[in-house]
Amino acid sequence: MIPMLRTLLLVISVAAASLTAAGGAHAQSAADIVAGTDRVRNPDQPFRSTVTFTEYVGGKERDHNTLVVFSKLDPATRQFRNLVQYMAPPRDAGKRVLLDGRSLWFFDPASKVSVRISPQQRLIGQAAIGDVLTVNLAVDYTATIVGTEDIEDSTRQPRHCWHLALKAANDQAVYGRIELWVEQGSFDPIKGKFYSDSGRMLKILYYGSFAERLGGTRPTQAIIIDAVDSSLATVASFGDYGFQDIPESWFQRDYLPRLTFQ
């Protein structure tokens, strides 16, 4: 073969391979990617988990809170209903939060009254009530692909990710918009930036400590950093996962004062 022709064919072959790889990276639609990362974060079956939040200021622990979250997918809306039970510290034990449909209720056993609250209401440190709830992002947000990027995860390991822009699609969405980095291939959520309705960045979140839980690989830790003051951080640790048959009565506001857990 003529050397010049061989060189030309090699160049064409490499270019074709590059185009195929680039096309493969974008073959997934934004909606597919969000649905994929939803499956990583959440199983379809009813389940419970324990979430411990620890607040740090300048690297020193200041406060902590432990909750048990019961989640059940509503097949009609494809969104989760949530019941949150406060476990610790003792001053908060017995308090409950209920999300059923578009209503979010807070129950305090001291007053025996349920009041409606916002998902943006502060829980501890940089964590809001909405950060505890199990949600399907594909239901509450419309997504577009910004591009692909190599970023570092919470352990400073490189991850090749899709960079997505998510915009609230309904008034049930906790945040006005989200920037989300999802690892290609695994669909693991790696990093998120969360914004208010006015466009102000509220927090930066890193997902990590992926492990086999409830039949899939899921993040068991989230590091939430204040977007203005990086010395303020809250670490959420997820554990005690288990599938559980959750009665429908648990998701009724009027039943909150009478709930008993086995």
(request) Give a yes or no on whether the backbone of Leu214 and the side-chain of Arg218 come within a donor-acceptor separation of less than 3.5 Å. (result) yes

(message) Classify the ring geometry of Phe47 against Phe80: parallel below 30°, tilted from 30° to 60°, perpendicular beyond 60°.
(response) perpendicular

(message) So, applying side chain to side chain contact (heavy atoms under 4.5 Å, CB included) with Ile190, which one of Arg159, Gln157, Glu152, His160 is it?
(response) Arg159

(request) Please determine if Arg91 and Asp63 form a salt bridge, counting it only when a charged side-chain N lies under 4.0 Å from a carboxylate O. (result) yes

(message) Looking at Asp38 and Ala138, would you say the former's side chain and the latter's main chain have a donor-acceptor pair under 3.5 Å?
(response) yes

(message) Within the 3.5 Å criterion, strictly below it, is a donor on Gln28 or Trp162 matched to an acceptor on the partner's side chain?
(response) no

(message) Applying the side-chain hydrogen bond (donor to acceptor under 3.5 Å, both in side chains) criterion to Glu179, which one of His163, Lys193, Lys191 satisfies it?
(response) His163

(message) Please determine whether the number of non-hydrogen atoms from other residues, nucleotides or ligands lying under 6.0 Å from atom CG of Asp245 exceeds 12.
(response) no

(message) Is the shortest side-chain heavy-atom distance between Lys203 and Tyr175 below 4.5 Å?
(response) yes

(request) Please check if any side-chain donor atom of Thr234 sits under 3.5 Å from a side-chain acceptor atom of Glu55, or the reverse. (result) no

(request) Would you check, one step at a time, whether the test side chain to side chain donor-acceptor pair (under 3.5 Å) holds for Glu183 with Ser186? (result) CA-CA 6 Å; Glu183 185 177 46; Ser186 68; 2.6 Å; yes

(request) Please determine if Arg177 forms a cation-pi arrangement with Tyr195, meaning its NZ or CZ atom is less than 6.0 Å from the six-membered ring centre and no more than 45° off the ring axis. (result) yes

(request) Look at the side chain of Asp100 and the backbone N and O of Ser103, then say whether any donor-acceptor pair between them is shorter than 3.5 Å. (result) no

(request) Report yes or no: do Asn82 and Ser71 form a side-chain donor-acceptor pair below 3.5 Å? (result) yes

(message) Is there a path of hydrophobic side-chain contacts, each under 4.5 Å between heavy atoms, that joins Leu256 and Ile246?
(response) yes

(request) Answer whether the closest heavy-atom distance between the side chains of Leu202 and Arg200 falls below 4.5 Å. (result) yes

(request) Using a 4.5 Å cut-off on heavy atoms from C-beta on, say whether the side chain of Leu164 contacts that of Val34. (result) yes

(message) Using a 6.0 Å cut-off, check whether atom NZ of Lys95 has over 12 heavy atoms from anything other than its own residue.
(response) yes

(request) Without swapping roles, check the side chain of Asn42 against the backbone of Val135 for a donor-acceptor pair under 3.5 Å. (result) yes

(message) I'd like to know if Glu248 pairs up with Lys72 as an ion pair, taking the criterion as any Lys NZ or Arg NE/NH1/NH2 lying under 4.0 Å from an Asp or Glu carboxylate oxygen.
(response) yes

(request) May I have the step-by-step check of ring pair (Phe, Tyr, Trp, His ring centres under 6.0 Å) for Trp250 and Tyr255, ending in yes or no? (result) CA-CA 7 Å; Trp250 286 18; Tyr255 198 72; 8.3 Å; no

(message) Donor-acceptor check, side chain of Asp226 to backbone of Val228, threshold 3.5 angstrom: yes or no?
(response) yes

(message) Using a 3.5 Å distance criterion without hydrogens, assess whether the side chain of Arg96 forms a donor-acceptor pair with backbone atoms of Gln85.
(response) no

(request) Test Leu123 against Val132 for side-chain contact (heavy atoms from CB on, under 4.5 Å), laying out the working first. (result) CA-CA 9 Å; Leu123 173 64; Val132 179; 3.4 Å; yes

